[in-house]
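None of the values given here were measured: they were computed from a predicted structure. Note: hydrogens, waters and symmetry copies are ignored here, and every other heavy atom, side chains too, is used.
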Amino acid sequence: PLLKMTELQQELTTLDDTTLILLMTFNRDQNNDVFSYRESIELIASHAHTPVYGLWDFYLGRGIIGGVLTSGREQGIQAAQMAVQILSGTPPDAIPIIRKSAAIPMFDAHYLRQFRISGKKLPKGSRLINPLPPFYQRYPAFFRIGAVILGLLGILLIYLLLRVRAQHQ
């Protein structure tokens with residue numbers, strides 16, 4: 001049965017840790033209130049304490065952890081390639097039917113970290129968004145201090161080696 005958005009949000013707060021959520025679409029609720037895709041994912045993800053998976057790439061980066069996502073861009077590329085063939089004179093019935101989905105495994109590294117899901121468990125060829133920046137970008141002050149200390153230790157090592165060499169001579 002169709003729920004009101006507030007009822008859905010309440011239900012989401014009661015789910016336990018072993019539950020996963022698959023968001024297909026939720027754009028109209030029982031009250032006939034209409035939600036954009038962006039509003040829908042924000043209202044759902046803000047109340048979910050378990051991973052939210054999806055089917056559409058436009059939810060990625062907005063609250064879903066990911067999934068094998070259908071990409072309008074990829075479908076558009078395939079359609080454009082067919083259109084070019086037709087415009088080049090190929091009869092439409094000579095163009096093979098695409099039986100392989102344009103869906104791509106894509107995941108948000110932010111939510112993978114939040115739910116402690118290892119990237120090693122993702123399907124081969126998965127695309128990641130929001131990867132953790134390298135150490136030097138996350139902690140630039142520590143990186144600079146470490147570089148200075150390492151440089152000073154290098155200079156000290158060279159100095160000591162030169163002193164030992166001079167004493168042997």
Enquirer: Provide the closest heavy-atom pair for M82 versus I95 in the form atom of the first, atom of the second, distance.
Expert: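 Closest approach of M82 to I95, heavy atoms only: O-CD1, 3.8 Å.
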Enquirer: Once you round to the nearest 0.5 Å, how far does CG of L162 lie from CD1 of I158?
Expert: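 The distance works out to 7.5 Å.
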Enquirer: Check for me, please, whether F35 and L2 land in the same ILVMFWY cluster - side-chain distances under 4.5 Å, paths through other members count.
Expert: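 Yes, F35 connects to L2 through the hydrophobic network.
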Enquirer: Should L23 and V68 be regarded as members of a common hydrophobic cluster, given that ILVMFWY residues are connected when their side-chain heavy atoms come within less than 4.5 Å of each other, either directly or indirectly?
Expert: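 Different hydrophobic clusters.
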Enquirer: If we ignore hydrogens and angles and just use 3.5 Å, is the side chain of Q9 paired with the main-chain N or O of L43 as donor and acceptor?
Expert: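 Confirmed, Q9 side chain pairs with L43 backbone.
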Enquirer: Under 4.5 Å between side-chain heavy atoms, counting indirect links through other Ile/Leu/Val/Met/Phe/Trp/Tyr residues: same cluster for L15 and L20 or not?
Expert: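 Cluster IDs for L15 and L20 match.
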Enquirer: What residue among I44, L69, D108 forms side chain to side chain contact (heavy atoms under 4.5 Å, CB included) with I64?
Expert: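 That would be L69.
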Enquirer: Is there a side-chain contact between L12 and I21 in this structure, where contact means two heavy atoms from C-beta onward sitting under 4.5 Å apart?
Expert: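 In short, these two side chains touch, coming nearer than 4.5 Å.
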Enquirer: Membership question, hydrophobic clusters at under 4.5 Å side-chain separation (ILVMFWY): are L161 and L152 in the same one?
Expert: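 No, L152 and L161 fall in different hydrophobic clusters.
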Enquirer: What residues form a side-chain contact (heavy atoms from CB on, under 4.5 Å) with S36, not counting sequence neighbours?
Expert: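 R38, E39.
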Enquirer: Could you give the distance from OG (S101) to CD (E74), rounded to the nearest 0.5 Å?
Expert: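 With rounding to 0.5 Å, OG (S101) is 10.0 Å from CD (E74).
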Enquirer: Search all heavy atoms of F26 against all heavy atoms of S40 and return the closest pair with its distance.
Expert: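 Closest approach of F26 to S40: O-OG, 2.6 Å.
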Enquirer: Compare all side-chain heavy atoms of T19 with those of D16 and state whether any distance is below 4.5 angstrom.
Expert: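 They are in contact (side-chain heavy atoms under 4.5 Å apart), so the answer is yes.
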Enquirer: Would one find more than 12 heavy atoms of other residues, nucleotides or ligands at under 6.0 Å from atom CZ of R113?
Expert: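 More than 12 within 6.0 Å, yes.
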Enquirer: Provide the closest heavy-atom pair for I65 versus L60 in the form atom of the first, atom of the second, distance.
Expert: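 In terms of heavy atoms, the two residues are closest at O-CD1, 4.3 Å.
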Enquirer: Indicate the atoms forming the closest heavy-atom contact of F107 with G66, along with that distance.
Expert: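 Answer, listing the atom of F107 first, then G66: CD2-CA, 3.9 Å.
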Enquirer: I'd like to check the side-chain contact (heavy atoms from CB on, under 4.5 Å) partners of P91; sequence neighbours left out, ordered by chain and number.
Expert: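 So P91 forms a side-chain contact (heavy atoms from CB on, under 4.5 Å) with D93, A94.
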Enquirer: Please report the C-alpha distance between D33 and M5 in whole Å, then the side-chain angles of each, then the deciding distance to 0.1 Å, and finally whether the side chain to side chain contact (heavy atoms under 4.5 Å, CB included) criterion is met.
Expert: CA-CA 8 Å; D33 291 331; M5 178 59 84; over 6 Å; no
Enquirer: Any side-chain heavy atom of L3 sitting closer than 4.5 Å to one from Q30?
Expert: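 Of all side-chain heavy-atom pairs linking Q30 with L3, none is under 4.5 Å.
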Enquirer: Which pair of non-hydrogen atoms, one from D17 and one from T50, has the smallest distance, and what is that distance?
Expert: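 So the minimum-distance heavy-atom pair works out to CA-CG2, 4.2 Å.
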Enquirer: A quick test of your reading: do over 12 heavy atoms of other residues, nucleotides or ligands sit less than 6.0 Å from CZ of R138?
Expert: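 Yes.
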Enquirer: Looking only at heavy atoms, what is the nearest atom pair of P123 and P105, with distance?
Expert: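 Taking every non-hydrogen atom into account, CG-CB, 4.0 Å.
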Enquirer: Give, for atom CG of L150 and atom CD1 of I145, the distance between the pair rounded to the nearest 0.5 Å.
Expert: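 Rounded to the nearest 0.5 Å, the CG-CD1 separation comes out at 13.5 Å.
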Enquirer: To the nearest 0.5 Å, how far apart are NE2 in H49 and OG1 in T14?
Expert: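 Between atom NE2 of H49 and atom OG1 of T14 there are 9.5 Å.
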Enquirer: Got a sec, which residues hit side-chain hydrogen bond (donor to acceptor under 3.5 Å, both in side chains) with S71, two or more places apart in sequence or on another chain?
Expert: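 Partners of S71 under the side-chain hydrogen bond (donor to acceptor under 3.5 Å, both in side chains) test: D57.
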Enquirer: Do M24 and Y53 share a hydrophobic cluster (ILVMFWY, side-chain heavy atoms under 4.5 Å, transitive)?
Expert: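 Looking at the clustering, Y53 is in the same group as M24.
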Enquirer: Once the angle between the rings of Y59 and Y37 is folded into 0 to 90°, is it parallel (under 30°), tilted (30 to 60°) or perpendicular (over 60°)?
Expert: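 Y59 and Y37: perpendicular rings.
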Enquirer: Are side-chain heavy atoms of M106 and I129 found at a separation under 4.5 Å?
Expert: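 A side-chain contact under 4.5 Å is absent here.
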Enquirer: Could you state the interatomic distance from CD (E11) to OG1 (T13), rounded to the nearest 0.5 Å?
Expert: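 It comes to 8.0 Å.
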Enquirer: Answer yes or no: is there a side-chain heavy-atom contact under 4.5 Å between L112 and N130?
Expert: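 They are not in side-chain contact.
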Enquirer: Heavy atoms, side chains only, cut-off 4.5 Å: are N32 and R28 in contact?
Expert: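 SC-SC contact between N32 and R28 confirmed.
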Enquirer: Using the side-chain contact (heavy atoms from CB on, under 4.5 Å) criterion, which residues pair with A45? Sequence neighbours excluded.
Expert: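 For A45 the side-chain contact (heavy atoms from CB on, under 4.5 Å) partners, ignoring immediate neighbours, are I41.
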Enquirer: Any ring pair (Phe, Tyr, Trp, His ring centres under 6.0 Å) pairs touching residues 127-152, not counting sequence neighbours?
Expert: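 Non-adjacent pairs meeting ring pair (Phe, Tyr, Trp, His ring centres under 6.0 Å): F135-Y139, Y136-F143.
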Enquirer: Counting N and O atoms only, with roles assigned by atom type, does the side chain of T25 sit under 3.5 Å from a partner on the main chain of N27, one being a donor and the other an acceptor?
Expert: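 A pair under 3.5 Å: no.
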Enquirer: Could you pull out all residues at least two apart from Q114 that satisfy side-chain contact (heavy atoms from CB on, under 4.5 Å)?
Expert: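 Testing Q114 for side-chain contact (heavy atoms from CB on, under 4.5 Å), a comparison that skips the adjacent residues, returns H110, Y111.
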